[in-house]
Amino acid sequence: MPVLPLAEIAPLLAPRGALIGLDLGTKTIGVAASDPDRRLAAGVETIARKTFSVDAARLLALAQERKTIGFVLGLPINMDGSEGPRAQSTRAFARNLARLTELPIGLWDERLSTAAVERDLIEADVSRRKRAKVIDQHAAAFILQGALDRLSRIAR
């Protein structure tokens, strides 16, 4: 299955079924999942990155446990719309993951997602230590919720 922009995976998705959203960092992967009706995203876990094989095995296990029908990866595009090394790394991860699964993989612009989530956690008076533990999965949920909202507009 190719890695495509989010709008292009919409026709490949079954009418019902959960999606998994990923916020890829250099040290961790934030994971979120949607409900089967794809209305709400929630954080699932933060994976401490090891090797690609170990990380991918955990992601595929989560996908199987949750009967997932696709992945959404946050694509870190620069503010000017260009793609830097982090976006290239995300695309490479997505291509490698695509070799291991038949599930469609969509890319979604994640500009400012971590900053928005951190701002929300600070406003909620979450300590710096607790923020560090949950920020990646909250960012994944933020990314996935944006993608779900976009997919719902495409389906109409």
Side-chain angles (χ1 to χ4, degrees), residues 1 3-50 52 54-77 86-87 89-91 93-94 97-98 100-156:
M1 189 68 62
V3 177
L4 301 167
L6 183 76
E8 293 179 32
I9 72 160
L12 304 175
L13 299 174
R16 197 163 184 279
L19 293 174
I20 285 186
L22 303 176
D23 179 38
L24 295 175
T26 55
K27 296 180 182 174
T28 60
I29 301 172
V31 182
S34 74
D35 62 291
D37 293 322
R38 298 195 294 265
R39 291 196 176 112
L40 187 63
V44 172
E45 71 178 72
T46 300
I47 298 170
R49 295 202 60 178
K50 294 179 176 71
F52 172 78
V54 172
D55 299 344
R58 179 64 189 140
L59 293 172
L60 294 173
L62 283 170
Q64 189 171 19
E65 288 168 20
R66 295 175 172 274
K67 297 176 179 59
T68 302
I69 61 161
F71 288 96
V72 174
L73 274 69
L75 184 64
I77 296 174
R86 286 191 58 230
S89 175
T90 297
R91 285 186 183 279
F93 186 95
L97 185 62
L100 302 176
T101 182
E102 290 297 313
L103 297 175
I105 299 173
L107 299 174
W108 178 246
D109 183 350
E110 68 148 287
R111 276 181 265 198
L112 301 178
S113 60
T114 302
V117 168
E118 182 149 33
R119 202 170 38 250
D120 289 347
L121 291 171
I122 289 169
E123 286 176 17
D125 203 27
V126 176
S127 72
R128 183 183 306 260
R129 195 160 129 202
K130 286 182 183 173
R131 279 197 315 266
K133 290 181 182 176
V134 299
I135 194 151
D136 295 315
Q137 60 185 279
H138 280 262
F142 184 90
I143 290 163
L144 183 55
Q145 189 63 56
L148 295 173
D149 293 346
R150 177 68 176 113
L151 287 169
S152 73
R153 289 191 300 276
I154 291 171
R156 289 183 195 155

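Just so it is clear, the model here is predicted, and its values are computed rather than measured.
- With T90 contributing its side chain and L75 its backbone, the two residues share no donor-acceptor pair below 3.5 Å.
- Between A141 and G43, the shortest heavy-atom contact is CB-N, 3.9 Å.
- One distance of note links CD1 of I29 with CG of L22; it measures 6.5 Å at 0.5 Å rounding.
- The side-chain heavy atoms of L13 and P104, taken from C-beta on, include a pair separated by under 4.5 Å.
- Of all non-hydrogen atoms in A10 and L151, the two that sit nearest each other are CB-CD2, 3.7 Å.
- L62 and I20 get closest at one heavy-atom pair: C-CD1, 3.9 Å.
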*Run the side chain to side chain contact (heavy atoms under 4.5 Å, CB included) check on R38 and I69 step by step: do they pass?*
CA-CA 11 Å; R38 298 195 294 265; I69 61 161; 2.8 Å; yes
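- A heavy-atom distance below 4.5 Å is found between the side chains of R58 and E45.
- When all heavy atoms are compared, the tightest approach of A87 to P76 is CB-O, 3.6 Å.
- Applying the salt bridge (charged side-chain N to carboxylate O under 4.0 Å, His left out) criterion to D37, with sequence neighbours excluded, gives R16, R39.
- Distance check: T46 OG1 to H138 NE2 gives 8.5 Å after rounding to the nearest 0.5 Å.
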_side chain to side chain contact (heavy atoms under 4.5 Å, CB included), that's the test. Do L107 and I9 meet it? Break it down for me._
CA-CA 9 Å; L107 299 174; I9 72 160; over 6 Å; no
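- Across F71 and L59, no two heavy atoms sit closer than the pair CZ-O, 4.0 Å.
- With values rounded to the nearest 0.5 angstrom, D136 atom CG is found 10.0 Å from L24 atom CG.
- For the pair D55 (side chain) and R49 (backbone), a donor-acceptor distance under 3.5 Å is absent.
- Listed here is the closest heavy atom pair of L19 and V72: CD1-CG2, 4.2 Å.
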